[in-house]
S.K.: 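Below you'll find the structure I mean.
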Number of protein chains: 2
Amino acid sequence: MEGLDRAALEQVSEYFKSLAEPTRLCLINALRDGEMSVSDLAEAVESTPANVSKHLSLLASTGFVERRTQGTSVLYRIADSDIYALCDLVCGHIAKRIAAKSNVQAMIRRVAKRA
Amino acid sequence: MEGLDRAALEQVSEYFKSLAEPTRLCLINALRDGEMSVSDLAEAVESTPANVSKHLSLLASTGFVERRTQGTSVLYRIADSDIYALCDLVCGHIAKRIAAKSNVQAMIRRVAKRA
DNA sequence: TGCTTATTTAACGAATTGGTTGTATAGTAG
DNA sequence: CTACTATACAACCAATTCGTTAAATAAGCA
């Protein structure tokens, strides 16, 4: 992303924004095992169909999920499994931070002991 | 991130949120070549020192950048270069989407020609 | 000490967003 | 055709956020 202009960065931020919401991450997690209907997803993430529908259409607009109609239901699925690589990178970053922090705390404990 | 509870997902979303803003992405881009002061960064991203300072402290709180004081200046640098891998994944996703879209448009052109 | 520069912080306003509620649309069954 | 179900959409409110402005803090220097 080296030489991106302002407009491009705005678009990139849009994509990050669509992942920057716990309910949407929960939906993405629920879709790990395959496609699900809106109402089933609503139950899975403990929210209302209306709310879930709104989140899903946002995720669809950024291309992370795709929809398919079956009868009166609409089934959603993950469209780009790179999304999980993204989440794993962030989780790894958090894990590193927690590890670093506990190292600091361990050091503080050592210093305190010595004093 | 398979079995994450609500609290953990909320934390993950915090990290994505810190990348979900064009000015912050611009700052991260500017820090690619090494550490920079707040005022230099403000000039680089065409914003005010106050605004940039606020964005930087947010990025520091999620551990993507680190600070170091030198005289009256404060120098910021990238703390975890995984951040670029994250951006590259998103850029790749966008590129895929654009490619797919232009394929669809090409197909539409073909069909239109045939008719 | 006082002056200047660099950064941070607080307070404010405009704009965006997540969730709710009520309504509209579309497909299915009777 | 009517009734029912599943989903989407519009309007609304509360809460958050980006940027600005002004004031506070801190470091270097005359």
Side-chain angles (χ1 to χ4, degrees), chain A residues 6-7 9-31 34-77 79, chain B residues 6-31 34-62 64-77 79:
Chain A
R6 196 74 188 185
L9 290 178
E10 220 151 295
Q11 196 173 356
V12 174
S13 78
E14 280 298 305
Y15 283 75
F16 277 121
K17 207 173 291 180
S18 77
L19 301 178
E21 216 284 323
T23 303
R24 288 196 285 273
L25 292 178
C26 204
L27 288 168
I28 288 164
N29 238 347
L31 289 173
E35 56 187 5
M36 286 176 80
S37 72
V38 174
S39 43
D40 285 352
L41 282 167
E43 198 168 345
V45 307
E46 294 175 343
S47 182
T48 63
N51 190 25
V52 166
S53 172
K54 206 159 59 164
H55 282 304
L56 287 169
S57 57
L58 197 153
L59 284 171
S61 78
T62 44
F64 286 119
V65 304
E66 281 172 346
R67 35 171 292 161
R68 175 172 81 88
T69 301
Q70 186 179 56
T72 66
S73 294
V74 175
L75 303 180
Y76 280 88
R77 64 182 177 282
Chain B
R6 196 75 188 184
L9 290 178
E10 220 149 295
Q11 195 174 356
V12 173
S13 78
E14 279 300 304
Y15 283 74
F16 277 121
K17 207 173 290 179
S18 78
L19 301 179
E21 217 284 322
T23 302
R24 288 196 285 273
L25 292 178
C26 205
L27 288 168
I28 289 165
N29 238 349
L31 290 172
E35 57 186 6
M36 286 176 81
S37 72
V38 175
S39 44
D40 285 352
L41 281 168
E43 197 169 344
V45 308
E46 294 175 344
S47 181
T48 63
N51 191 26
V52 166
S53 171
K54 208 157 56 165
H55 281 303
L56 287 169
S57 58
L58 198 152
L59 284 171
S61 77
T62 45
F64 286 118
V65 304
E66 281 172 346
R67 39 172 289 162
R68 175 171 81 89
T69 302
Q70 186 179 56
T72 67
S73 294
V74 175
L75 303 180
Y76 280 88
R77 64 182 177 282

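Each chain gets a letter, A, B and so on, in the order its sequence line appears, and its residues count up from 1.
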S.K.: Under 4.0 Å, heavy atom to any atom of DNA chain C: which of residues 35-45 of chain B qualify?
M.R.: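 Contacting residues: B:Ser37, B:Val38, B:Ser39.
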S.K.: Using the side-chain contact (heavy atoms from CB on, under 4.5 Å) criterion, which residues pair with B:Ser13? Sequence neighbours excluded.
M.R.: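 Expected list: A:Pro22, A:Leu25.
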S.K.: Could you pull out all residues at least two apart from A:Ser47 that satisfy side chain to side chain donor-acceptor pair (under 3.5 Å)?
M.R.: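 Side chain to side chain donor-acceptor pair (under 3.5 Å) list for A:Ser47, sorted by chain: A:Asn51.
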S.K.: Going by side chain to side chain donor-acceptor pair (under 3.5 Å), name the residues that satisfy it together with A:Glu66, two or more places apart in sequence or in a different chain.
M.R.: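 A:Glu66 satisfies side chain to side chain donor-acceptor pair (under 3.5 Å) with A:Arg77 only.
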S.K.: So how far is it from A:Leu19 CG to B:Leu19 CG, rounded to the nearest 0.5 Å?
M.R.: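 So the gap between those two atoms works out to 10.0 Å.
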S.K.: Which of residues 15-31 of chain A sit near DNA chain C, with a heavy atom under 4.0 Å from it?
M.R.: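 A:Lys17, A:Glu21, A:Thr23, A:Arg24, in order of number.
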S.K.: Can you list, by residue number, the residues of residues 51-67 of chain A that have a non-hydrogen atom closer than 4.0 angstrom to DNA chain D?
M.R.: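 Those residues are A:Ser53, A:Arg67.
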S.K.: Taking only residues at least two apart or on different chains, which pairs with a member in residues 36-71 of chain A satisfy ring pair (Phe, Tyr, Trp, His ring centres under 6.0 Å)?
M.R.: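 The answer is A:Phe64-B:His93.
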S.K.: Show the nearest heavy-atom pair for residues A:Ser18 and A:Leu58, with the distance to one decimal.
M.R.: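 Nearest pair, atom of A:Ser18 first, then A:Leu58: CB-CD2, 3.5 Å.
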S.K.: Tell me, which pairs form a salt bridge (charged side-chain N to carboxylate O under 4.0 Å, His left out) where one or both residues lie in residues 34-53 of chain A, sequence neighbours left out?
M.R.: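 Residue pairs passing salt bridge (charged side-chain N to carboxylate O under 4.0 Å, His left out), neighbours aside: A:Glu35-A:Arg68.
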S.K.: According to side chain to side chain donor-acceptor pair (under 3.5 Å), who are the partners of A:Glu14, at least two apart in sequence or on a separate chain?
M.R.: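 With neighbours one apart ignored, the set is empty.
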S.K.: Report the end-to-end axis angle of the helix from C:dT1-D:dA30 to C:dG30-D:dC1; each axis comes from five terminal pairs, and the value is rounded to 10°.
M.R.: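 Terminal axis comparison yields 10°.
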S.K.: Atom pairs, N/O to N/O, protein against nucleotides 22-27 of chain C, distance under 3.5 Å?
M.R.:
none

S.K.: Judged by atom type as modelled, is there a donor-acceptor pair below 3.5 Å linking the side chain of A:Arg6 to the main-chain atoms of B:Cys26?
M.R.: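 It does not hold such a pair.
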S.K.: Please identify each residue that fulfils side-chain contact (heavy atoms from CB on, under 4.5 Å) with B:Thr69, with sequence neighbours left out.
M.R.: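 Result, side-chain contact (heavy atoms from CB on, under 4.5 Å) vs B:Thr69: B:Arg67, B:Val74.
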